[in-house]
Peer 1: 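Before I ask anything, here is the structure I am working with.
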Amino acid sequence: MKRPTTREAVRIAVAKGDGIGPEIMNATLSILQAAKANLQIEEIEVGEKVYLNGNSSGIEDEAWNVIRESKVFLKAPITTPQGGGYKSLNVTMRKSLGLYANVRPCGSYFPHIHTKHPDMDVVIIRENEEDLYAGIEHQQTDEVVQCLKLITRPGCEKIVRYAFEYARHYNRKKVSCFIKDNIMKHTDGLFHEVFREIAREYPDIESDSWIVDIGSARLAATPEIFDVIVMPNLYGDIVSDIAAEISGSVGLAGTANIGEQCAMFEAIHGSAPDIAGKDMANPSGLLKAAVLMLNHIGQTEVAERIQNAWLKTIEDGIHTADIFKKESSKKLVGTTEFAREVIQRLGSTPQFFEVVKSEAQGEFNLPKYVRKQPAKKILKGVDVFVDWKGEHPDELAENLHKIANTLHLKLITNRGVKVWPNGLPETFLTDHWRCRFEFDEETNSSPKAIWELLEKAFQHHIDVIKTENLYFFDGVRGYSLGQGQ
Ligand code: NAD
């Protein structure tokens with residue numbers, strides 16, 4: 001949620017991080033200070049030192065409290081120590097603080113920074129908490145592990161609405177949705193359905209949908225056809241790095257993680273230990289993150305001044321080593337000197353690049369999620385997952401017929417491919433079988449029958465590893481047909 005502008009200094013938490021972190025953070029803070037950002041900075045320690053002190057999450061309780069009180073966190077990259085047992089601080093922050101929207105603007109600065117895409121100006125809005133990143137994984141048999149892909153209606157509504165509000169707020173013309181609902185009809189299907197529903201509320205903004213594979217291919221080849229793109233977590237993770245890279249360099253992009261209460265801002269790159277302590281790093285990614293932060297807290301004029309000074313520095317050919325090219329650069333500078341050059345240009349505007357003017361209008365309209373009337377939910381059967389080392393599905397079916405009650409065996413699949421009845425001998429089989437039982441009649445549908453089925457399975461030494469109930473919601477099937485289509 002964006003903060004209204006205030007005259008009082010805005011309290012923010014700042015972590016200088018590891019590797020190049022302190023260098024790029026000092027450079028960024030010097031620019032913020034020179035531009036007269038009205039901030040009350042509270043420094044906290046997160047990252048390598050905290051991990052190595054025995055805290056597996058990389059952050060102490062005190063630091064958590066500072067972030068939760070200030071609600072705004074500017075974070076330099078950190079180093080996660082090698083070896084197991086250390087939790088990703090970013091994933092912890094995003095989930096614990098409910099930072100559901102990851103916003104990553106990726107624009108090109110051609111011809112001053114080399115790119116194949118001179119007209120690229122894309123904003124990726126990635127759902128940040130759900131999908132395969134729920135982190136629910138299980139080994140179920142010797143041969144099979146599983147990761148649960150969780151997509152929720154509130155999660156979809158929040159991120160899709162955020163994308164349309166962002167587009168309206170920043171005068172963008174189109175929002176595209178990347179999904180894979182030709183395969184994942186229920187999970188990505190829900191994301192797409194919500195996208196279509198919410199798009200109708202924004203007739204002033206164009207909308208379109210892309211299957212993520214071809215959408216990503218088009219983004220890599222012709223990014224200029226896209227404007228704002230919204231997508232579930234995993235696709236967003238991958239696609240946003242590609243988008244940043246093809247715009248010029250991952251070293252140039254900043255990102256915002258926005259929640260209903262708190263927000264975290266950072267560069268998209270890591271702590272670059274290979275160049276740490278050499279005053280070589282480009283502070284631009286973190287500076288861009290700080291600009292996103294200033295816009296978030298309503299200090300848009302300061303954000304504008306910094307952006308224009310930065311653009312002028314870039315077009316004057318003052319470049320750090322990562323973007324320095326003999327043909328387009330004039331002066332090779334280190335981190336500290338780059339910051340000094342930006343500071344000298346505060347108040348001036350670029351001549352080649354378009355001058356940045358905050359055209360933001362009003363606040364984002366992000367109403368709280370309202371749960372709908374519950375649907376009429378009818379139990380139709382159960383998928384029973386079985387660990388079985390046999391090779392002939394007919395044998396398994398024969399055993400399973402023995403446990404049937406009002407639930408009858410209809411189908412067996414292996415890795416989602418139908419193997420009974422009428423499977424193909426060519427199908428490769430693992431030790432993980434999904435056995436679908438359905439009620440013979442709706443009137444018989446009772447959860448008790450499932451418990452009885454499982455009890456009988458136990459008596460017949462059938463190794464049940466998990467079950468999934470099969471429901472219709474308001475007359476609509478809520479599960480895949482499970483025949484490998
Ligand atoms: P990295 O992004 O740190 O470095 C990749 C390459 O890009 C290196 O050659 C590096 O020198 C260069 N580079 C990165 N930022 C630069 C900058 N601002 N200016 C100039 N060159 C820059 O990725 P990595 O090497 O895979 O990871 C290093 C460490 O960073 C790891 O411990 C990793 O876990 C951590 N990491 C942290 C974050 C984060 O805190 N958000 C994100 C990614 C990686």
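Just so you know, ligand 1 is whichever comes first in the structure, and atom 1 is the first atom listed for that ligand.
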Peer 1: Quick check for students: name every N or O atom pair between ligand 1 and the protein closer than 3.5 Å, with distances.
Peer 2:
residue  : atom   : partner : partner atom : Å
ligand 1 : 2 (O)  : Gly270  : N            : 2.7
ligand 1 : 3 (O)  : Gly270  : N            : 3.4
ligand 1 : 3 (O)  : Ser271  : N            : 3.2
ligand 1 : 3 (O)  : Ala272  : N            : 2.8
ligand 1 : 9 (O)  : Asp274  : OD2          : 3.0
ligand 1 : 11 (O) : Asp274  : OD1          : 2.9
ligand 1 : 11 (O) : Asp274  : OD2          : 3.0
ligand 1 : 15 (N) : His269  : ND1          : 3.2
ligand 1 : 18 (N) : His269  : NE2          : 3.2
ligand 1 : 18 (N) : Asn282  : O            : 2.9
ligand 1 : 19 (N) : Asn282  : N            : 2.9
ligand 1 : 30 (O) : Ser271  : N            : 3.0
ligand 1 : 30 (O) : Ser271  : OG           : 3.2
ligand 1 : 32 (O) : Thr80   : N            : 3.4
ligand 1 : 40 (O) : Lys75   : NZ           : 3.3
ligand 1 : 40 (O) : Ile78   : N            : 3.0
ligand 1 : 41 (N) : Asn90   : ND2          : 3.3
ligand 1 : 41 (N) : Glu266  : OE1          : 3.3

Peer 1: Sort out for me which residue in Leu150, Leu234, Asn128 forms a side-chain contact (heavy atoms from CB on, under 4.5 Å) with Tyr133.
Peer 2: Leu234

Peer 1: On the ring face of Trp210, is Lys180 found with NZ or CZ under 6.0 Å from the centre and within 45° of the axis?
Peer 2: no

Peer 1: Answer yes when Glu165 and Arg161 have at least one side-chain N-carboxylate O distance shorter than 4.0 Å, and no when they do not.
Peer 2: no

Peer 1: What about the rings of Tyr479 and His186, do their centers lie closer together than 6.0 Å?
Peer 2: no

Peer 1: Kindly confirm or rule out a cation-pi arrangement of Arg200 over Phe164, judged by NZ or CZ under 6.0 Å from the six-membered ring centre and within 45° of its axis?
Peer 2: no

Peer 1: Hey, are the side chains of Val103 and Asn257 touching, using non-hydrogen atoms and a 4.5 Å cut-off?
Peer 2: no

